[in-house]
Amino acid sequence: MSIDAAAWDALRLSLWVACFATLIAVPLALWIAWLLARRDFPGKATLNALVHLPLVLPPVVTGYLLLVAFGRNAPLGRALDSLGLTLAFHWSGAVLAAIIMSFPLMVRAMRLAIEAVDPKLEEAAATLGAPGWAVFGRVTLPLIQPGILAGAVMGFAKAMGEFGATITFVANIPGQTQTLPSAIWAALQIPGGEGQAIAMVLMACAVAVGAVALSEALARRVARRISGA
Amino acid sequence: MSIDAAAWDALRLSLWVACFATLIAVPLALWIAWLLARRDFPGKATLNALVHLPLVLPPVVTGYLLLVAFGRNAPLGRALDSLGLTLAFHWSGAVLAAIIMSFPLMVRAMRLAIEAVDPKLEEAAATLGAPGWAVFGRVTLPLIQPGILAGAVMGFAKAMGEFGATITFVANIPGQTQTLPSAIWAALQIPGGEGQAIAMVLMACAVAVGAVALSEALARRVARRISGA
Amino acid sequence: MSLSVDIAHTFGDFSLQVTFQAEGGITALFGRSGAGKTSVINAVAGLLRPDQGRITLSGETLFDGDTQTFLPSAKRRLGYVFQDARLFPHLSVRDNLTFGSRYAPPTAPGPSLEDVLSLLGLRDLLDRAPGRLSGGEKQRVALGRALLSKPRMLLMDEPLASLDAPRKQEILPYLERLRDGPLGLPILYVSHAVDEVARLADTLVLLGNGRVQAQGPLYEVMADPAAVPLLGVREAGAVIEAEVIQHAADGLSRLRISGGDLLLPGVQADPGARVRLRVLAQDVMLSVKRPDGLSAVNILPVKIETVHQGEGPGAAIALRAGQDRLLARVTRRAVAELQLAPGMGCFAIIKATSVAPGSIGR
Amino acid sequence: MSLSVDIAHTFGDFSLQVTFQAEGGITALFGRSGAGKTSVINAVAGLLRPDQGRITLSGETLFDGDTQTFLPSAKRRLGYVFQDARLFPHLSVRDNLTFGSRYAPPTAPGPSLEDVLSLLGLRDLLDRAPGRLSGGEKQRVALGRALLSKPRMLLMDEPLASLDAPRKQEILPYLERLRDGPLGLPILYVSHAVDEVARLADTLVLLGNGRVQAQGPLYEVMADPAAVPLLGVREAGAVIEAEVIQHAADGLSRLRISGGDLLLPGVQADPGARVRLRVLAQDVMLSVKRPDGLSAVNILPVKIETVHQGEGPGAAIALRAGQDRLLARVTRRAVAELQLAPGMGCFAIIKATSVAPGSIGR
Amino acid sequence: ERLVVFAAASLRGALDEIAAGFDGEVALSYGGSGAIARQVAAGAPADAMLLANPKWMDWLEGEGIIAPGTAFVIASNRLVLIGPQDHAPIDPEQLPELLGTGRLAMGQRDAVPAGTYARQWLESAGLWEALRTRLAETDNVRAALALVARGQAPFGIVYATDARAEAGVAILYEVPPESHAPIRYLATALTERGQSFLAHLASPAAKAIFAAHGFAEVSR
Ligand SMILES: Nc1ncnc2c1ncn2[C@@H]1O[C@H](COP(=O)(O)OP(=O)(O)OP(=O)(O)O)[C@@H](O)[C@H]1O
Ligand SMILES: Nc1ncnc2c1ncn2[C@@H]1O[C@H](COP(=O)(O)OP(=O)(O)OP(=O)(O)O)[C@@H](O)[C@H]1O
Ligand SMILES: [Mg+2]
Ligand SMILES: [Mg+2]
């Protein structure tokens, strides 16, 4: 296998993992963000701290905890395994790691957006007969689109860049669990690997530029729609 | 030096670095966020992508790039050095790494908040004679406090957890650049080091809980003031 | 359909303690800025949970402080037109208008989008975003949005304050039709404008400082000389019912009230219909003998019931014309010169044009 | 101080093309919802940059499309009272009120905080957050905030729409004092309410559909029978100046106009002062012979100038009383029966109480 | 079905070449020795593993993941002292003075094997006390190399294999192998198929490749 092919594989896997992670994490993060912004319940402070934890802990620790929880020999891992969902040493594990690591970023952005929604508009929707979920879906959700978008692009970028937790949890198997950051790291581990590393860093930059540009274009459309300008 | 003392040192240093990094990064991030939210200029897209880059790149690469840019032999590093600001193997280098790594999180949150400010209020301030900076200081800034706070707490958490870029850029010098994540990482590399690592992870968790709780309390006060409820 | 409100609530220094009944039709809440009108209407809509009390609509309990009952807004089906329009900024005018229609029971009666578009002149704005509307246009969309949610009752918080007079003259008859039509849609209507209130309301609740100052059927509250200061001197005047007799070629119509006939312009109702007339106290002159050679064509024999001297130079005089009550506002000097006194018979001169089409309803 | 506006701007389908001059005093922009009033005022304030044209204030160019001049809002020093209050939600009422004071030149004349608090009844609300104010309270704070920024000119976009009549009666004289006092503060005033306009304005600009339909000194535009449909039938009426002669014990005052004397209640001005009277067309009756035994005490000999038959059953009649012009609105039937025609002399009967204190100014 | 081999990252250059010569497809997953050991303990689907740190092999034996005595040495390495490109060789005794205010870059003393070996050497050379507060410890030996190559640290202790390939640095002193515990890369098979790869690793061709990358020959 030529080096270049491996780099492309890593890029493809990273994109796949990041897209998948973003897709799963967005609704989940939205729900948590909504809970944190709008509900009071026991354990709210704990949940809030928990969401931030992956930011505070070194990623290796997060990866290690994942390994302990979802390893093939761990009860949880075994249970999921028997359901056909293998996480450890599988790209789906990389997705899980990416979700966890990007979660705090997503939740924060979305929560900020939810808190900025004028409750008077939600009240107006309620007086028009809209039940709670419809108020959320037809008023809150469209109004927080910029926040969702910001969260999604940060989460996607983080998922693209996640390394420590991923390599610890799912290792660095080319074509299977080797994401772009793992490949870059591995390239940096051998003498003369900088050339390869630079090529892959440029790939990552290109993805970042693309994702950011796309999100900006979407954000402009959303903003135009919301401000009605 | 007993292990426990080293852990406390690492915690102290991490807190110091994170606080310092947050203090410096907040105004800087606010400025960039404002530029991105409110101005159009050539190179805006590039700046925007650049801000996101530390999310996408593996931290090692960021650390390496910092070394290239701010190393002793790099012009920038030399210039700073001659100004008496030594970054090499110094906690100030850890601060720089933490700033860069937490920058995307801060900028995004603040930008989101700035974009949510009703321009009609800024217009109203202008008609009352307030020049641009006063409009920002007396209207925009107070209104985006929740975003600043959210950005600051995310940035602080990230700064507490930063590891890869820091150790690559300024190594792991106890009392100088050995932050809590470095210490946790080191403990995990030794068979049987989990015990120590867990103790330090708990420290990190405590900090996260504390920071999040503090930020929530502040956010509640700010929100009460803004909504006038 | 009857609304019964009996609530108490405190905001800091301000305390609200309001009890009133509205038996269908249009109930006007009238009062100065800060009197508590919006707070009352919010409590009815379910946006404010009062500290205590009870709100019922046609027997259904919307709120009961004792039993901790609180029906959520969405289940109350009350169409609320807010003081600030509160349009959804991300939806076009069309989507704002139709927002609530899907939550109404499919069989619920109500106006069609077409009706609302023509009534409110919104046809050209359908694809506009709310941010690009003028102040009055926003308010019209808000009104249309509430109507199209097919509510059981309309709550209107100064819905016409930002509208020009011609537009008001289009909307007011429509509200009357809603009230009187097969729906019999009851309306709780907040307004500063006495002429709107006089024209529309069946029941009048005068609010002041969080308390009900006077309440009752419009005819009674309006014809009460004691209510003159609450309503404003220039705005006081009786409201009477009349039957349309015939329309003449020059546009004047003959209307019959119990005390005689009146000739008025601009009456739209068919002969035989009953209409409501507002006769401003200041538009009624008194003469001790029947005058002639006057451009005023309406002269009614009346009996003075009470003479209510206010603080200023004017006096409010309650008159009986047949079974109807009229209110005249004259100067004290006139009271003295003409020796006006209760029990005295005289002639009320009402200028034909002073009963504007706008104040004729029902 | 003179404002000159000559601008053109297009929003989608709507095109604005407005040219007018305001020579100090109060200039009213009057027009239906969507006519373009807010757009004009925004352009003057610097919140809308017109596609082309020119705006100057006392010789200073605020905007010039040709030279690309555009003075930023903050440098224009115009106090803008917005149609929506736009209070700063994070500041207390006090901080909202004093927001602009530090940017005004220290020597600039203007009202004190104390003045504004008493005028607007805001003293108890000083520490309140805007979110806890009623609709009318917000509007009052917005007005106070603009006044306290010591502007060179006030721009008011329906500032009184959400205020009750008594509060309006307090604020209107204050605006008149601002206009007439040592400041001579010019005001650009948007309103739907003809009575406010008639009372306050020196210059009237009637806007319709983005175009100026009529403009000129208030006395002329208001007494022009052709303007009746633009103003609304019920609101039309001449505005005349009178001199206060003396106050009688019963509260009536004798005022002299060129055509004779009038007895009116509630005149606050001292003898010798000149006041402005609004006489609604519908409050003027015509009689071919001098009537007696009437409660109306004001009877003026007049000459009919024109008879303007509208579309409805009424007619607007321009009258001359001495040098003053009056407008009477009578039924067509009365025109026929009394054979009213230009050149004919007759008597105008004006009810004393129908010239309410509110419409007496200056 | 391809073979999966988990290997210490520092073996990468040589191992990639060796795997290319293997009869069959091999996926090499590189990581830190500690991470690999933990992953194997957690059930990683590896057929064989190669670690740079014997302590972790002991740990796996202790945990009962691999049978005692199955691990064997496949390569060895040497430590060198490096400095700027044009620097003359030095006597380690001079190191404390030559460092000046600079720092000595090396792997983290406890966590990174190269750091542990370096510390053992410095201790045996009697330099530890003088230098231990003047170190710049990194999370892997490549980072230490980068610090010296970028001039951030004047000197560093790294593996000979890394130093040879980096043009930006010069080898100033070869650390005597007997001054520290032997540097040994240990391999063990976890599956039947892994055995064949290990056999290939022991082949002369593989040994030649190791040697070409600067790894020292080991006698079994
Ligand atoms: N959240 C609140 N906190 C404190 N006071 C409040 C709050 N909401 C309203 N008030 C006060 O309660 C009183 C009644 O307010 P409300 O909005 O009901 O008045 P309103 O009659 O609708 O007046 P307007 O005609 O000006 O809209 C006012 O004095 C107002 O300041
Ligand atoms: N941003 C915009 N985009 C498109 N059309 C606009 C925009 N702003 C205003 N308009 C249109 O321009 C016209 C004039 O608006 P403007 O706000 O000046 O009216 P107005 O006279 O103040 O009305 P109102 O009395 O209802 O406040 C309206 O028809 C409005 O729909
Ligand atoms: Mg209100
Ligand atoms: Mg407007």
Side-chain angles (χ1 to χ4, degrees), chain A residues 36 44-46 48-61 64-65 102 104-105 108-109 111-113 115-116 119 146-147 150-151 153-154 156-164 168 180-182 184-185 188 194 197 200-201 204-205 207-213 216 219 223 227, chain B residues 44-46 48-61 64-65 102 104-105 108-109 111-113 115-117 119 146-147 150-151 153-154 156-164 179-182 184-185 188 194 197 200-201 204-205 207-213 216 219 223 227:
Chain A
L36 290 175
K44 177 169 167 174
T46 316
N48 195 7
L50 212 64
V51 164
H52 283 84
L53 219 53
L55 274 179
V56 178
L57 294 180
V60 190
V61 171
Y64 179 61
L65 293 176
S102 56
L105 317 188
R108 258 298 168 177
R111 177 173 168 193
L112 204 53
E115 281 168 347
V153 70
M154 274 209 291
F156 178 83
K158 178 71 205 166
M160 279 298 298
E162 212 311 291
F163 161 64
T168 309
L180 200 58
S182 300
I184 293 173
W185 175 83
L188 283 173
E194 287 85 357
M200 289 188 282
V201 164
C205 291
V207 171
V209 169
V212 166
E216 292 297 320
S227 78
Chain B
K44 178 169 168 176
T46 315
N48 195 7
L50 213 65
V51 164
H52 283 85
L53 220 52
L55 274 179
V56 178
L57 294 180
V60 192
V61 172
Y64 188 73
L65 293 176
S102 56
L105 317 189
R108 258 296 168 176
R111 180 175 165 192
L112 204 54
E115 281 169 346
V117 170
V153 71
M154 275 210 290
F156 178 83
K158 178 70 206 164
M160 279 297 298
E162 213 310 290
F163 161 63
T179 57
L180 201 56
S182 299
I184 293 174
W185 170 83
L188 278 176
E194 289 86 354
M200 289 187 282
V201 163
C205 291
V207 171
V209 169
V212 167
E216 293 297 321
S227 79

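So you know, we letter chains A, B, ... as the sequences are listed, proteins then strands, and number each from 1. In what follows, every heavy atom counts, from backbone to side chain, and hydrogens, waters and symmetry copies are set aside.
Of the listed residues A:His52, A:Met200, A:Met160, the one with more heavy-atom pairs under 4.5 angstrom with chain B than any other is A:His52. Annotation: maximal heavy-atom pairing with chain A below 4.5 Å, among B:Ala49, B:Pro58, B:Pro119, occurs at B:Pro58. Annotation: maximal heavy-atom pairing with chain B below 4.5 Å, among A:Gly151, A:Ala45, A:Gly164, A:Pro181, occurs at A:Pro181. Of the listed residues A:Val207, A:Thr46, A:Asn48, the one with more heavy-atom pairs under 4.5 angstrom with chain B than any other is A:Asn48.
When all heavy atoms are compared, the tightest approach of B:Leu112 to A:Ala109 is CD2-O, 3.4 Å. A pairwise comparison of heavy atoms in A:Arg108 and B:Ala150 identifies NH1-CB, 3.5 Å as the closest pair. Contact record, A:Ala208 with B:Val56: CB-CG2, 3.5 Å, taken as the closest heavy-atom pair.
Contact annotation: the side chain of B:Cys205 approaches that of A:Leu53 to within less than 4.5 Å [non-hydrogen atoms, C-beta and beyond]. Annotation: side chain of B:Leu55 is in contact with side chain of A:Leu105 (closest heavy-atom distance under 4.5 Å). A heavy-atom distance below 4.5 Å is found between the side chains of B:Leu188 and A:Tyr64.
Looking at B:Glu194, the atoms closer than 4.5 Å to chain A (heavy atoms on both sides) all sit in the side chain, from C-beta outward. Contacts between B:Val201 and chain A at a heavy-atom distance below 4.5 Å involve backbone atoms as well as side-chain atoms. Heavy atoms of A:Pro146 lying under 4.5 Å from chain B belong to its backbone as well as its side chain.
We find the CD-NZ distance between A:Glu216 and B:Lys44 to be 7.0 Å, quoted to the nearest 0.5 Å.
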